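Only one structure is covered here, and it is reproduced in the block below.
Worth saying up front: this structure is predicted, and the values here are computed from it rather than measured. Every heavy atom of this structure was used, including side-chain atoms; hydrogens, water molecules and symmetry mates were not. Each chain gets a letter, A, B and so on, in the order its sequence line appears, and its residues count up from 1.
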Amino acid sequence: MLLLPLAQNGGFFRDRSADTCVADNGVCPKWAIDHFDRYVDPFFEHLQLVVVSVALGFVISFALAVLAHRRRWLVGPVTQITGILYTIPSLAAFFLLLPLTGRGQTTAIIALTAYTLLIFFRNIMAGLDGVPEEARDAGRGMGFTPRQLLWRVELPLALPAILAGLRIAVTTTVGLAALAFYAGAGGLGESLASQKQFKTNVLLAGGLCVVMAVMLDLLVLVAQRLLTPWSRARTV
Amino acid sequence: MLASILSDFGDAIDFIFVSRESRGGAEVGGGQLLELTKTHLELTFTAIAIATLVALPLGAWLGHSRRASFLAITVSNIGRAVPSIGIVFLFFAILGAGFWNITLALVLLAIPPILTNAYVGVREVDPESVDAARGMGMSGWQVARRVELPLALPLIFGGIKISVVNIIATATLGPEGGVVTLGDPIINPSTYGDAGRLGASIVVAALAVVAEVGLSAVQRAITPRGLKLTPAGAPRRVRFPVPKRRVAPQP
């Protein structure tokens, strides 16, 4: 007898509470589910910014690290220059680049790439420097040329350190790319700023950034497990 | 092309040193930019001071007792991924605009590097030094204060340095929460014009670089002399090479 009107009212109340939830600026799961589609495009825009910047940063710093590995005097200057690029706040970097490259993805990607260089360079150098001298000797004893030594002995042994750098670079870049909308490059930051006083929106867009970072981080971790089976054998 | 770029930067540098009238009729640039810089630094130092008071003792204690390594490392990993602008907007949405609300958001962003570095710094202190101190009859508190903290100082200070540079960058978002920092010309270019935006960007970038270089110098200065003698990676020079005796682990 009592349950029936309550059950009937249940639907009515739930609908109304969803409306008042948005009006009260609460945390509204229903609104989030209903409007999830508007976050899909910014999500992939964001992902594209991250992947392109990290890939470019990796290629550049890999070349620099291999060069500096042969010519040690380069280590100091490269570390200092990439260190300054790393220190410049990304928001300032966007607007410093604006007169040169204009608004858009190019500006954002250049700034984000510059930011990853120090992380990669330091980790690749640390990995190469950490190769045991015995392993190098063994390689030389097998008649490896310096190039073969690099590709067959040093780089495989440096892989764990390089991938650790990749994990740091990826998570950092996901966070920084949230500022890319100031440079006109879109991404989840744009969603964040579009309704910055609405808690559900801020939590959802910010949460998606964290989800993206965790997913990419796990991806690198899995790659590390697959690429360096020997390190897993040691830890088990 | 080059001429227009040079004139953009020239105009921006002019904005930094000489005040001018904005489109709204207010005075911007020059001395007013100095005011913005003052607020910017106030915000940064308040946030860093609070974050250090919270994170340094906690991290050092966790490192000393070798507890909760998972917590100390996870905090820094997640901290990196959380977008700073998300935290600023969230605090704005929950608490509204105001100096202390933004300070609180910045404190939250400043804690992870300080916590992790304090933890790692204290934990990575040479166990033989700690053993020696214990053998001299020092209590846990004495070991922490007279052995672990001095030896961990460079790393602890390094964490504070990372946070200072990060927060100088993030305080730029202050105007999004109602605090008029150096970010104001960057975020509201309609008032300040393009020269104001570029000028403020130059000042923010310079502040960050100066903080990084200056604090690095301080870090080198406070490094205990004993640690400076053995740069990382170099083999330790022992004047009387005594073979290290390894104590067999207890079964």
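A/F120 has its ring centre less than 6.0 Å from the ring centre of A/F58.
With respect to chain B, the highest number of heavy-atom pairs below 4.5 Å among A/I168, A/I84, A/N201 belongs to A/I168. Put simply, of A/D217, A/V214, A/L179, the one with the most heavy-atom pairs under 4.5 Å next to chain B is A/L179. Chain A forms more heavy-atom pairs under 4.5 Å with one residue of B/L182, B/V213, B/V203, B/L173 than with any other, namely B/L173. Note on A/L188, A/L176, A/V210: by heavy-atom pairs under 4.5 Å with chain B, the leading option is A/V210. For the set B/I168, B/T170, B/I186, the entry with the most heavy-atom pairs within less than 4.5 Å of chain A is B/I186. Interface summary for chain A: among B/S201, B/S4, B/G86, the most heavy-atom pairs under 4.5 angstrom belong to B/S201. Options A/V170, A/T172, A/T173 differ in how many heavy-atom pairs under 4.5 Å they form with chain B, and the most are formed by A/T172. If you tally non-hydrogen atom pairs under 4.5 Å between each of B/L2, B/V165, B/L90 and chain A, the highest count goes to B/L90.
Proximity to chain B (any heavy atom under 4.5 Å) is shown, for A/A193, by both the backbone and the side chain. For A/F95, the parts sitting under 4.5 Å from any heavy atom of chain B are the backbone and the side chain alike. Looking at B/V82, the atoms closer than 4.5 Å to chain A (heavy atoms on both sides) sit in the backbone and in the side chain alike.
Once rounded to the nearest 0.5 Å, the distance linking OG1 of B/T172 with CG of B/L36 reads 11.5 Å.
Using cut-offs of 30° and 60° for the angle between ring planes, the A/Y39 and A/F36 rings count as tilted.
Between A/D129 and A/R72 there is a salt bridge, since a side-chain N of the basic residue sits under 4.0 Å from a carboxylate O of the acidic one.
For residues 96-106 of chain A, heavy-atom neighbours of chain B at less than 4.5 Å comprise A/L96, A/L98, A/P99, A/L100, sorted by residue number.
In this structure, B/R123 places its CZ atom where more than 12 heavy-atom neighbours from other residues, nucleotides or ligands lie under 6.0 Å away.
Side-chain contact check for B/L41 versus B/L207: some heavy-atom pair is nearer than 4.5 Å. Contact annotation: the side chain of B/N101 never approaches that of B/F92 to less than 4.5 Å [non-hydrogen atoms, C-beta and beyond].
Counting only N and O atoms by type, the side chains of B/Y119 and B/E124 include no donor and acceptor under 3.5 Å apart.
For the side chain to side chain contact (heavy atoms under 4.5 Å, CB included) test with B/L198, the passing option among B/D11, B/I16, B/D8 is B/D8; the others fail.
Across A/P132 and A/L157, no two heavy atoms sit closer than the pair CD-CD1, 4.2 Å. Pairing each heavy atom of A/F181 with each of B/I85, the nearest pair is CE2-CD1, 3.7 Å.
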